[in-house]
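For reference, the structure is listed below as C-alpha cells.
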Number of protein chains: 2
Amino acid sequence: MNPKELIRDIPDFPKPGIIFKDIAPLLGNAKALRQVVDELAEKFSGCGATKILAAEARGFIFGTALAYRMGVGFVPVRKPGKLPYKTIDVTYDLEYGTDTLCMHEDALTKNDKALVIDDLLATGGTVGGMLELIAKTGAEVVGIGFVVELDFLHGRDKLTGHRVESLIHF
Amino acid sequence: MNPKELIRDIPDFPKPGIIFKDIAPLLGNAKALRQVVDELAEKFSGCGATKILAAEARGFIFGTALAYRMGVGFVPVRKPGKLPYKTIDVTYDLEYGTDTLCMHEDALTKNDKALVIDDLLATGGTVGGMLELIAKTGAEVVGIGFVVELDFLHGRDKLTGHRVESLIHF
C-alpha cells in the first residue's frame, strides 16, 4: 500500500493554474488512513507532545486521529467567530490580503508542548500563523507534521528552527 | 473520568439566548478524548460500517478519530466550493433559510455501509442533510453517532428508522 498513489491531481482548483492535491481517496481507504496516522505517530514518538493543534477544516481530519493514536489532547484552531470561549487571535499576511486564526485562551499553557499537524504544507502561511498563536501562550513547539508536502513551494523555509516531518512529497 | 464534566456552558453563543455546549475542554483532555472515541467505537462495534461520514468542521474532529479506531475509511462532507472533485449536493431547510452540503460523487457506492458521526445532535438539520446525500448514492446507513445530544431539542425525532447513539445527554 503506497498512500501517495491514492492522492489525485485536480487541475484548476481552487482557481485556474493550480493543481490541487486531493487526499479524499486516501481518506476513504481504511488501510491508507491508518497507515499515514501510524507513520505520523512513529515520526513524533517520544517528542513529548502534550497537545496536538490543527486548524479547520482539513487540519482536523488528521489532527484528532493522531491525538487519539498518540494519547494526547487536541486543540482546534479556528476562523474568527467560530470558537465560543475567549480567544487569542493572530492575523497574518497572505499573498493577497490577510487571514486570522483563533484559539481558546485557555487551550495551551506555558508548560504545554505543542505538536502542529496539517494535511498539506504549501506556502506555510497557515502553520506560520499557528506558530505565532502558540508563541503568545509561551508553550513550546516540539514538532510540525504534514501528510503531504509540496516541495516546490518551499513552505518549509518559513518553519526554520522547528522539526518538520512530512510523509509524502510532490 | 466523566467526560460530561468537561463540557462547559457558554451563554449567548452564537446568539443571545442560546447556551452553547463547548466540548473544547473535553478535546484537550487526552483521557477524555480517548474515552469518548473508544465508547463510540464500542457502540458501533459489529455494525459493519465501511465508511464514516462527517460534516465540516466539528464533525471532522470525532469522525476521523473514530475511522482510525474502527479501521474504516473516512468521507468528508463539506460546504459548497470546498471539495475539489465532482460532487453530489443537497440543500435542506433551516429554521430561517437553507443550507447546502456536498460530497464527492465517488465517495460512496451502493455497496457501502455508512456510519454518520457528528459532535452534537441539536435539531438534526445537518445530519438530516447527510442522510439525503447518502440516499442519493444507494448506500445503506448503519448508524448515526453523536458525542453529545441535546434531548430537549428532540432532533432524534427527525432520525426515525435509524440506529442513533449518543454518549452524553443534556
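Letters go in sequence order (proteins before strands), and every chain restarts at 1.
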- Query: What part of B:Leu83 lies closer than 4.5 angstrom to a heavy atom of chain A: side chain, backbone, both or neither?
  - Reply: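 Backbone only.
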- Give, as side chain, backbone, both or neither, the part of B:Phe13 having an atom under 4.5 angstrom from any heavy atom of chain A.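 Side chain of B:Phe13 only, per the 4.5 Å heavy-atom cut-off to chain A.
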- How close do B:Thr100 and B:Tyr92 get, heavy atom to heavy atom, and via which atoms?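 For B:Thr100 versus B:Tyr92, the nearest heavy atoms are N-CE2, 4.5 Å.
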Inter-residue atom distance [X].[atom1] - [Y].[atom2], 0.5 Å rounding:
X	Y	atom1	atom2	answer
B:Phe146	B:Arg156	CZ	CZ	8.0 Å
B:Ile168	B:Leu150	CD1	CG	11.0 Å
A:Arg58	A:Thr126	CZ	OG1	9.0 Å
A:Leu153	A:Leu121	CG	CG	8.0 Å

Engaged part of [X] at the chain B interface, taking heavy atoms whose separation is under 4.5 Å:
X	value
A:Lys82	backbone
A:Leu27	both
A:Arg69	both
A:Tyr85	both
A:Leu26	neither
A:Pro84	both
A:Asp106	side chain
A:Phe74	both

- Heavy-atom pairs under 4.5 Å with chain A, option from B:Ile61, B:Asp22, B:Val72 with the top count: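 Option with the top pair count is B:Ile61.
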Would a distance-only check, ignoring hydrogens and angles, find a side-chain to backbone donor-acceptor pair under 3.5 Å from [X] to [Y]?
X	Y	value
B:Asp112	B:Thr109	yes
B:Asn2	B:Lys4	yes
B:Lys136	B:Asp89	yes

